[in-house]
Amino acid sequence: MKKNDSLTSFEDKVAVLIDGNLELYWDRTIAMNPAQREAVSQLEEKLQEGFKVDGVRYDRPDSLKRAQLAASLIPQALQRGDDSLAATALALACTSLPDLKQIQYRQRQDDSWDIAFVSDRCYAPEEQAIQFTP
């Protein structure tokens with residue numbers, strides 16, 4: 001996981017956008033170290049045991065449901081400054097969904113989040129016009 005920095009290409013990266021702003025990204029070309037792999041495995045095992053969301057119990061969640069729950073942890077982790085949890089949750093979502101290119105979040109009025117997985121296009125930073133002065 002990398003925090004937002006200036007990049008030119010997101011071809012091999014998964015961008016995390018919160019309310020339209022690039023907050024962090026996962027670079028698929030960089031292998032996880034053993035501690036990261038262990039953290040992802042532990043979170044995966046925990047989610048495979050099942051979980052409850054909005055009153056609905058998921059006893060045997062498939063990989064998409066697990067990725068969705070992992071992705072839901074990212075904005076709260078970032079708000080708390082828990083970069084480790086954000087990275088682990090992002091890594092789990094990225095490894096579960098190999099075609100994932102972006103995770104887009106929109107905060108609702110009630111402080112909950114709308115989450116969209118985007119797999120059909122890479123994140124492209126908006127081009128900024130350069131104004132020349134004679």
Side-chain angles (χ1 to χ4, degrees):
M1 175 190 82
K2 297 213 178 188
K3 289 284 189 172
N4 179 8
D5 60 7
S6 109
L7 294 172
T8 56
S9 173
F10 276 82
E11 187 65 33
D12 295 314
K13 296 168 183 67
V14 178
V16 173
L17 295 109
I18 297 179
D19 292 326
N21 298 311
L22 177 66
E23 293 296 327
L24 58 111
Y25 64 90
W26 182 263
D27 189 334
R28 291 187 183 277
T29 64
I30 299 173
M32 286 186 275
N33 66 41
Q36 290 169 323
R37 281 194 306 273
E38 178 62 24
V40 171
S41 291
Q42 287 178 359
L43 180 56
E44 177 75 15
E45 287 174 20
K46 190 174 188 176
L47 294 179
Q48 284 178 354
E49 293 172 2
F51 48 84
K52 190 175 186 178
V53 177
D54 295 331
V56 178
R57 176 85 185 145
Y58 298 93
D59 289 321
R60 292 187 194 114
D62 61 17
S63 62
L64 177 59
K65 288 286 184 222
R66 294 191 307 270
Q68 289 171 329
L69 185 66
S72 74
L73 300 173
I74 295 170
Q76 292 90 355
L78 290 174
Q79 287 176 333
R80 290 192 315 262
D82 190 346
D83 291 345
S84 178
L85 176 58
T88 300
L90 179 55
L92 192 149
C94 291
T95 55
S96 298
L97 305 171
D99 294 334
L100 186 63
K101 308 257 188 236
Q102 301 177 51
I103 305 175
Q104 298 178 352
Y105 298 89
R106 293 271 180 226
Q107 192 165 20
R108 296 179 185 173
Q109 295 281 344
D110 65 358
D111 289 331
S112 64
W113 298 92
D114 288 324
I115 303 172
F117 288 150
V118 178
S119 59
D120 63 342
R121 67 188 180 287
C122 295
Y123 169 72
E126 291 183 32
E127 295 180 3
Q128 295 182 11
I130 299 174
Q131 191 170 36
F132 291 98
T133 309

What are the two closest non-hydrogen atoms of [X] and [Y], and how far apart are they?
X    : Y    : answer
Q104 : Q102 : NE2-OE1, 2.8 Å
L43  : A89  : CD2-CA, 4.0 Å
S119 : K101 : O-CG, 3.7 Å
R106 : G20  : NH1-N, 3.1 Å
P61  : G50  : CD-CA, 4.0 Å
Q107 : D111 : NE2-OD1, 3.2 Å

What's the separation between atom [atom1] in [X] and atom [atom2] in [Y], rounded to the nearest 0.5 Å?
X   : Y   : atom1 : atom2 : answer
T88 : E38 : OG1   : CD    : 10.5 Å
Q42 : K46 : CD    : NZ    : 9.5 Å
F10 : D27 : CZ    : CG    : 9.5 Å
I74 : I18 : CD1   : CD1   : 8.0 Å
Q36 : S41 : CD    : OG    : 11.5 Å
L73 : L78 : CG    : CG    : 11.0 Å

Would you check if the side chain of R28 reaches a backbone N or O of C94 as a donor-acceptor pair within less than 3.5 Å? yes
Counting distance only, does the side-chain N/O of T95 pair as donor-acceptor with the main-chain N or O of L92 below 3.5 Å? yes
Please walk me through it: do L90 and I103 pass side-chain contact (heavy atoms from CB on, under 4.5 Å)? CA-CA 9 Å; L90 179 55; I103 305 175; 3.8 Å; yes
In terms of heavy-atom contacts, does CG of D110 have more than 12 from other residues, nucleotides or ligands at under 6.0 Å? yes
Is there a path of hydrophobic side-chain contacts, each under 4.5 Å between heavy atoms of I, L, V, M, F, W or Y residues, that connects V118 with L22? no
Residue pairs passing the side-chain hydrogen bond (donor to acceptor under 3.5 Å, both in side chains) test where at least one lies in residues 56-77, sequence neighbours excluded: E44-R66, R57-D59
Ion pair check, R108 and D114, cut-off under 4.0 Å: yes
Partner of K13 under side chain to side chain contact (heavy atoms under 4.5 Å, CB included), picked from W26, Y25, Y123, is Y25
Only pairs at least two apart or in different chains count here, so list each ring pair (Phe, Tyr, Trp, His ring centres under 6.0 Å) that has a residue in residues 68-111. none
